[in-house]
Amino acid sequence: MNAQFLLKLAITVVLVLTASALSRRPGVLGALVAALPVTSLLALGWLQVETGDSQRVAMMSMDIFWFVLGGLLFFPVLSLCLKAGWQPWLCFVAAGIAGFAGMSGVQYLLTQFRAPA
């Protein structure tokens with residue numbers, strides 16, 4: 001393993017553990033930490049450092065934006081299912097399917113309507 005991989009791993013672990021710990025406390029701080037686009041920031045930063053290609057970073061940034069929109073379906077489906085009294089495991093499955101469907105729809109639209117590079 002190289003140092004760059006270990007750094008990425010350490011940052012990821014710290015962020016997930018921080019969000020998890022903060023979510024046990026009252027307030028929205030855990031949700032805020034979980035919602036931060038840290039993964040995107042890190043991935044885009046590493047892409048810039050490794051390739052030096054700003055246009056590639058710009059394109060990936062917009063792709064992330066569209067996939068985030070598709071993935072947002074996960075959250076209202078999870079919330080609505082839990083509030084309806086469904087079993088938690090079933091709520092997570094339904095929300096996962098909704099998020100996957102949204103992101104699949106985005107992928108389809110991007111492949112159909114994106115101008116060739």
Side-chain angles (χ1 to χ4, degrees):
M1 287 189 205
N2 63 27
Q4 184 178 357
F5 175 79
L6 292 175
L7 178 63
K8 291 177 186 178
L9 181 64
I11 291 169
T12 302
V13 168
V14 166
L15 288 170
V16 170
L17 292 176
T18 301
S20 176
L22 290 172
S23 67
R24 289 188 216 119
R25 296 192 172 120
V28 297
L29 201 51
L32 173 65
V33 171
L36 291 173
V38 176
T39 302
S40 299
L41 177 65
L42 291 171
L44 293 168
W46 288 120
L47 181 62
Q48 180 65 42
V49 167
E50 292 168 0
T51 68
D53 185 350
S54 296
Q55 292 304 311
R56 188 169 174 188
V57 172
M59 180 175 273
M60 184 174 174
S61 177
M62 285 307 300
D63 289 348
I64 291 169
F65 170 78
W66 292 115
F67 279 109
V68 165
L69 289 180
L72 287 176
L73 288 173
F74 175 91
F75 300 103
V77 170
L78 179 62
S79 179
L80 291 170
C81 291
L82 288 168
K83 287 179 181 180
W86 293 16
Q87 292 293 319
W89 68 268
L90 185 57
C91 297
F92 280 98
V93 168
I97 291 170
F100 180 78
M103 294 178 86
S104 295
V106 166
Q107 182 177 9
Y108 172 78
L109 292 173
L110 286 175
T111 58
Q112 295 301 308
F113 297 108
R114 173 182 284 159

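Computed over heavy atoms, backbone and side chain alike; hydrogens, waters and symmetry mates excluded.
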Rounded to the nearest 0.5 Å, what separation is found between the [atom1] atom of [X] and the [atom2] atom of [Y]?
{"X": "Gln55", "Y": "Met60", "atom1": "CD", "atom2": "CE", "answer": "15.0 Å"}
{"X": "Phe92", "Y": "Phe74", "atom1": "CZ", "atom2": "CZ", "answer": "6.0 Å"}
{"X": "Leu44", "Y": "Ser61", "atom1": "CG", "atom2": "OG", "answer": "5.5 Å"}

Mind checking whether [X] and [Y] sit in one hydrophobic cluster, side chains of I, L, V, M, F, W, Y counted as touching below 4.5 Å?
{"X": "Val106", "Y": "Val77", "answer": "no"}
{"X": "Tyr108", "Y": "Leu72", "answer": "no"}
{"X": "Val57", "Y": "Leu41", "answer": "no"}
{"X": "Phe75", "Y": "Trp66", "answer": "yes"}
{"X": "Leu69", "Y": "Phe100", "answer": "no"}

List the atom of Ser40, the atom of Ile64, and the distance in Å for their closest heavy-atom pair.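 In terms of heavy atoms, the two residues are closest at OG-CG2, 3.3 Å.
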
Can I get a per-line list of side-chain donor-acceptor pairs under 3.5 Å for residues 9-22, giving both atom names and the distance, sequence neighbours left out?
residue : atom : partner : partner atom : Å
Thr12   : OG1  : Lys8    : O            : 2.8
Thr18   : OG1  : Val14   : O            : 2.7
Ser20   : OG   : Arg24   : NH2          : 3.4

Counting neighbours of CZ on Phe67 that are heavy atoms of other residues, nucleotides or ligands and sit closer than 6.0 Å, is the number greater than 12?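 Yes, enclosed.
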
Got a sec, which residues hit side-chain contact (heavy atoms from CB on, under 4.5 Å) with Thr51, two or more places apart in sequence or on another chain?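 Applying side-chain contact (heavy atoms from CB on, under 4.5 Å) to Thr51 gives Leu47, Asp53, Arg56.
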
Apart from Ile97 itself, what residues make up its hydrophobic cluster when side-chain heavy atoms of I, L, V, M, F, W and Y under 4.5 Å apart count as a link, directly or indirectly?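 Members other than Ile97 - counting any ILVMFWY side chain reachable under 4.5 Å - are Trp86, Trp89, Leu90, Val93.
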
